[in-house]
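Some notes on the structure that comes next.
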Amino acid sequence: MTTSSSSSKVVSEYIEVEEEETLSLGYCDDDDDDDDDFNTFTDGDLDCSCEGGGGFSDPLSGEVKPRILLMGLRRSGKSSIQKVVFHKMSPNETLFLESTNKICREDVSNSSFVSFQIWDFPGQIDFFDPTFDYEMIFRGTGALIFVIDSQDDYVEALCRLHLTVTRAYKVNPDINFEVFIHKVDGLSDDAKIEKQRDIHKRANDDLADAGLERIHLCFYLTSIYDHSIFEAFSKVVQKLIPQLPTLENLLNIFISNSGIEKAFLFDVVSKIYIATDSSPVDMQTYELCCDMIDVVIDISCIYGLTEVETGQPYDKESMAIIHLNNTTVMYLKEVTKFLALVCFLREENFERKGIIDYNFHCFKTAIQEVFDVRVQVQKNRKLLSQRRRSKQALTPNGVLSNQR
Ligand SMILES: Nc1nc2c(ncn2[C@@H]2O[C@H](COP(=O)(O)OP(=O)(O)OP(=O)(O)O)[C@@H](O)[C@H]2O)c(=O)[nH]1
């Protein structure tokens with residue numbers, strides 16, 4: 001990664017500004033720049049804090065955010081994952097992270113499409129303790145990420161995974177179960193494959209023994225020391241975006257009409273790709289895209305913010321072209337203030353840049369339309385929710401019972 005310390009400061013300020021703007025679109029968010037700003041819940045707080053009037057489980061709420069749970073044994077790497085992916089913490093700094101002793105909830109509303117809550121569970125917590133309302137936790141959950149430390153003995157982790165998954169499935173069969181086989185940076189390629197095969201087999205055997213073959217677990221090899229964690233998180237988040245098929249379809253149409261080999265729609269802040277065309281993704285291509293975004297933001301921070309100090313490192317004018325030495329061109333363009341399109345194409349096809357730009361213009365308009373529909377749906381939900389609440393506040397004779 002090329003992000004310098006000065007530029008990462010600007011990027012984190014940039015995150016704050018974006019969040020303010022997201023608020024105006026009807027999302028609810030917290031300032032999440034450092035630990036102190038996390039919404040932390042003590043065990044006793046947990047029940048009431050999540051099921052409030054505007055909570056996830058309210059079907060008429062305008063703030064429907066999928067919930068992603070991060071679970072796993074102590075020191076498996078849960079907080080590090082969250083810090084590296086969403087707070088730009090450098091992997092080496094995670095060595096100094098203290099053990100989490102409360103459930104930490106964080107709202108992520110980086111882009112128009114990426115909007116969810118992450119709940120980081122402390123490893124030692126017994127969330128099956130009767131004082132925990134685990135039914136409430138699982139009921140509003142979109143994805144459960146279970147982190148297994150691949151450098152440690154994973155027998156206990158597998159037992160815990162089985163227990164967690166079976167309980168969660170009973171409460172909410174729609175949860176996506178994602179298993180991160182984590183810290184694979186210390187393993188050789190053969191060892192990685194062997195670990196994945198073994199964990200996959202044992203976890204599925206346990207489910208089969210319990211007669212729960214229908215539970216589907218997805219496995220990912222991850223490490224915070226490379227891009228694998230971003231790629232895995234991208235896939236987890238994509239499953240929670242209802243507009244994904246539309247976005248993929250738009251990307252397919254765009255690339256097939258523009259002579260482009262591969263295109264990704266990126267959330268610039270988190271470097272999660274929220275959609276790509278239907279051709280397979282290879283890790284190297286994804287890494288190049290992440291590096292390109294870093295270069296654009298860094299160059300913009302260094303050379304683009306001199307005159308207007310309050311400017312953003314990423315805006316309407318942002319675009320970049322990189323010619324690789326293998327006759328491939330990378331082309332990045334701004335789609336919305338949160339999203340960038342990164343494309344790979346052959347040099348000879350880039351000669352028709354006019355057509356590509358025209359097609360891009362159509363693509364951008366279509367994305368805007370998808371976004372507008374989403375905003376409209378959320379506004380309607382909010383309105384309905386407000387009406388419902390004000391109705392509840394009326395006494396039988398039609399007078400407001402609790403006017404302030
Ligand atoms: N080698 C390696 N170490 C990692 C990786 N991810 C996290 N770690 C290290 O694992 C240790 C524990 O990380 P944490 O993020 O605190 O683990 P946790 O699961 O949140 O722990 P609890 O809060 O106790 O539940 C830290 O020293 C991290 O630096 C990884 O991908 N590779």
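Start at 1 and go down the list; that is how both ligands and their atoms are numbered. None of the values given here were measured: they were computed from a predicted structure.
Taking a cutoff of 4.0 Å between a charged side-chain nitrogen and a carboxylate oxygen, Lys192 and Asp189 qualify as a salt bridge. Under the 4.0 Å criterion applied to side-chain N and carboxylate O atoms, Glu334 and Lys364 are assigned as salt-bridge partners.
Contact between Gly72 and ligand 1 is absent, with no heavy atom of the residue lying under 4.0 Å from the ligand. For Gln151, the heavy-atom gap to ligand 1 drops under 4.0 angstrom.
When every heavy atom of Ile81 is checked against every heavy atom of Val147, the shortest pair comes out as CD1-CG2, 3.9 Å.
Polar contact with ligand 1: present for Gly77 (N/O pair, distance under 3.5 Å). Polar contact with ligand 1: present for Ile224 (N/O pair, distance under 3.5 Å). Geometrically, ligand 1 and Glu98 share no nitrogen or oxygen pair separated by less than 3.5 Å. Residue Thr222 has no nitrogen or oxygen atom sitting less than 3.5 Å from a nitrogen or oxygen atom of ligand 1, judged on distance alone. Geometrically, ligand 1 and Thr94 share a nitrogen or oxygen pair separated by less than 3.5 Å.
Residue Ser80 holds the heavy atom nearest to atom 7 (C) of ligand 1 of all those in Ser76, Ser150, Ser80, Cys104. Among His182, Met71, Arg75, the residue whose heavy atom lies closest to atom 12 (C) of ligand 1 is Arg75.
Using a 4.0 Å cut-off between heavy atoms, Asp185 contacts ligand 1 through its side chain alone, with no backbone atom that close. Here Lys83 has no heavy atoms under 4.0 Å from ligand 1, in either its backbone or its side chain.
The side-chain tip of Arg167 points at the ring of Tyr134 from less than 6.0 angstrom away and within 45° of straight on. Annotation: cation-pi pair Lys271/Phe230 present, NZ/CZ under 6.0 Å from the ring centroid and within 45° of its normal.
Under 3.5 Å, the side chains of Thr100 and Ser79 contain a donor-acceptor pair of N or O atoms. Side-chain atoms of Asp226 and Ser228 form a donor-acceptor pair, as typed in the model, at a separation below 3.5 Å. For the residue pair Thr276/Lys262, the side-chain donor-acceptor check at 3.5 Å is satisfied.
Numbered from 1 in the order shown, with element, the atoms of ligand 1 that lie under 4.0 Å from a heavy atom of Ser223 read 31 (O). Annotation for ligand 1: atoms under 4.0 Å from non-hydrogen atoms of Ser99 are 22 (P), 23 (O), 24 (O). Listed by atom number, the atoms of ligand 1 under 4.0 Å from Tyr225 heavy atoms are 1 (N), 2 (C), 32 (N).
Applying the ring pair (Phe, Tyr, Trp, His ring centres under 6.0 Å) test to residues at least two apart or on different chains, the pairs with a partner in residues 237-286 are Phe254-Phe363, Phe264-Phe266, Phe264-Tyr273, Phe266-Tyr286, Tyr273-Tyr286.
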